[in-house]
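For reference, the structure discussed in these notes is given below.
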Amino acid sequence: MYKGKPSKGIEFYNLLNQSEEFTSELGKVALASGRLEVEFILYLTKNNVKGNYKKATLGTLIRIANENKLLSEKENLIFKQISKQRNYITHNIYSLFSNLIDETIMEKEKLLDSDVHLYTERAWQLRDNLNGLSDVIKTKRKK
């Protein structure tokens with residue numbers, strides 16, 4: 001299907017949108033992200049952290065855990081970075097290819113149609129990281 005031909009902007013976004021592999025991985029990112037959010041909520045609850053955080057975003061949950069000294073400085077940095085990556089891939093792909101935001105986490109210049117595989121790999125890696133971090137919070141919760 002992919003021929004290594006140059007692609008950019010909305011044309012590349014459309015290739016991503018049409019890719020079963022990419023959209024499947026993106027769906028798995030959403031599921032893994034939801035899992036991490038729930039693990040944080042359970043962790044906060046177990047540690048008797050008061051507040052209305054049951055509908056909080058991942059970033060807010062990380063901040064609350066950090067404010068309550070439930071994360072080490074290193075963990076806080078890792079969780080903030082993964083939240084930033086998750087937000088970027090789930091909320092900013094169209095903005096990236098519409099030239100509304102600058103290229104930061106994901107490439108938008110000098111792409112080939114076959115770079116859909118690169119984006120799919122990035123989504124897979126993010127999903128794997130989100131699931132690994134869910135396991136970290138689950139382990140901390142069970143101590």
Side-chain angles (χ1 to χ4, degrees), residues 1-2 4 7-143:
M1 173 178 167
Y2 301 115
S7 183
K8 64 179 184 174
I10 299 303
E11 176 186 0
F12 188 78
Y13 171 84
N14 288 334
L15 290 173
L16 290 174
N17 197 28
Q18 294 164 6
S19 167
E20 292 286 329
E21 289 107 355
F22 176 74
T23 55
S24 175
E25 281 305 325
L26 194 57
K28 291 174 185 179
V29 165
L31 291 171
S33 181
R35 177 180 173 220
L36 181 56
E37 289 171 348
V38 169
E39 288 298 340
F40 262 111
I41 290 168
L42 293 171
Y43 185 48
L44 294 170
T45 302
K46 180 186 184 273
N47 284 281
N48 299 313
V49 175
K50 303 295 180 218
N52 187 11
Y53 47 78
K54 299 220 189 250
K55 292 186 179 184
T57 64
L58 179 57
T60 300
L61 294 166
I62 294 166
R63 180 182 50 76
I64 292 168
N66 190 52
E67 287 171 352
N68 285 276
K69 306 204 182 317
L70 298 174
L71 300 175
S72 70
E73 189 173 317
K74 183 177 181 181
E75 287 171 331
N76 184 49
L77 291 173
I78 291 168
F79 281 108
K80 284 168 83 173
Q81 182 62 30
I82 207 74
S83 178
K84 181 178 175 184
Q85 291 172 3
R86 189 279 313 250
N87 289 344
Y88 193 88
I89 200 167
T90 59
H91 300 299
N92 293 321
I93 295 295
Y94 193 77
S95 295
L96 177 67
F97 292 113
S98 296
N99 293 317
L100 291 177
I101 63 171
D102 293 329
E103 179 179 283
T104 55
I105 294 174
M106 303 292 278
E107 297 83 358
K108 74 172 184 176
E109 301 296 331
K110 299 180 182 173
L111 293 171
L112 304 174
D113 59 358
S114 55
D115 285 324
V116 166
H117 294 300
L118 171 68
Y119 269 69
T120 303
E121 174 68 23
R122 295 272 180 86
W124 175 87
Q125 186 64 59
L126 178 58
R127 173 187 45 99
D128 195 52
N129 290 340
L130 287 162
N131 281 323
L133 292 173
S134 290
D135 291 340
V136 168
I137 295 298
K138 186 175 187 175
T139 299
K140 289 172 76 76
R141 179 171 53 87
K142 298 221 174 195
K143 287 183 179 178

Q.
Ignoring hydrogens, what is the shortest heavy-atom contact between Ala32 and Ser134? Give both atom names and the distance.
A. O-OG, 4.1 Å

Q: Under the ring-ring contact (aromatic ring centres under 6.0 Å, His included) rule, collect the residues that match up with Tyr13, sequence neighbours excluded.
A: Tyr94

Q | From Glu39 atom CD to Leu130 atom CG, the distance as rounded to the nearest 0.5 Å | A | 12.5 Å

Q) Any side-chain heavy atom of Lys8 within less than 4.5 Å of one from Leu111? A) no

Q.
Is any side-chain heavy atom of Phe40 closer than 4.5 Å to one of Phe79?
A. yes

Q) With Lys46, which residues qualify under side chain to side chain contact (heavy atoms under 4.5 Å, CB included), at least two apart? A) Arg141

(Q) Can a side-chain donor-acceptor contact be found between Asn129 and Gln125 if the only test is distance below 3.5 angstrom? (A) yes

Q.
Among residues at least two apart in sequence or on other chains, which ones pass side chain to side chain contact (heavy atoms under 4.5 Å, CB included) with Lys140?
A. Tyr43, Leu71, Glu75, Val136, Ile137

Q. What distance separates Ile62 CD1 from Gln81 CD, expressed to the nearest 0.5 Å?
A. 10.5 Å

Q. Does Asn47 use its side chain to pair, donor to acceptor, with the backbone of Leu44 at less than 3.5 Å?
A. no

Q. Between Thr90 and Ser33, is any pair of side-chain heavy atoms under 4.5 Å apart?
A. no

Q) Which residues satisfy the side chain to side chain donor-acceptor pair (under 3.5 Å) test with Tyr119, sequence neighbours excluded? A) none

Q: Go through the structure and list residues passing side chain to side chain contact (heavy atoms under 4.5 Å, CB included) with Thr60, not counting sequence neighbours.
A: Ala56, Thr57, Arg63, Ile64

Q: Using a cut-off of 6.0 Å, state whether more than 12 heavy atoms not belonging to Glu103 lie near its atom CD.
A: yes

Q | Non-neighbouring partners of Leu31 that pass side chain to side chain contact (heavy atoms under 4.5 Å, CB included), sequence neighbours left out | A | none

Q. Do Lys138 and Val38 come close enough that some side-chain heavy atom pair is under 4.5 Å?
A. no

Q. Where do Ile89 and Met106 come nearest, in terms of heavy atoms and distance?
A. CD1-CE, 4.4 Å

Q | Gap separating the CD1 atom of Ile105 from the NZ atom of Lys84, nearest 0.5 angstrom | A | 5.5 Å

Q) Would you call Lys80 and Asn76 a side-chain contact if the rule is heavy atoms closer than 4.5 Å? A) yes

Q. Looking at Phe22 versus His117, is the centre-to-centre ring distance below 6.0 Å?
A. no

Q) Taking atom CD1 of Ile101 and atom CG of Asn92, what is their separation to the nearest 0.5 Å? A) 4.0 Å

Q.
Less than 4.0 angstrom from a charged side-chain N to a carboxylate O is my criterion; do Arg86 and Glu37 meet it?
A. yes

**Q.** Side-chain touch Phe97/Asn14, heavy atoms, less than 4.5 angstrom
**A.** no

Q. Is there a donor-acceptor pair closer than 3.5 Å between any side-chain N or O of Ser7 and the backbone N or O of Asp113?
A. no

Q: Can you see which heavy atom on Asp102 is nearest to which on Tyr88, and at what distance?
A: O-OH, 3.7 Å

Q: Evaluate the side-chain proximity of Gln18 to Val116: yes if any heavy-atom separation is below 4.5 Å, no if none is.
A: no

Q.
Side chains of Gln85 and Ile82, heavy atoms from C-beta outward: is any pair under 4.5 Å?
A. yes

Q: Take Arg35 and Asp135, measure what salt bridge (Lys or Arg N to Asp or Glu O under 4.0 Å) needs, and give me the verdict at the end.
A: CA-CA 10 Å; Arg35 177 180 173 220; Asp135 291 340; 2.5 Å; yes

Q.
Strictly distance-based, threshold 3.5 Å: is any side-chain N or O of Glu25 a donor or acceptor partner for the main-chain N or O of Thr120?
A. no

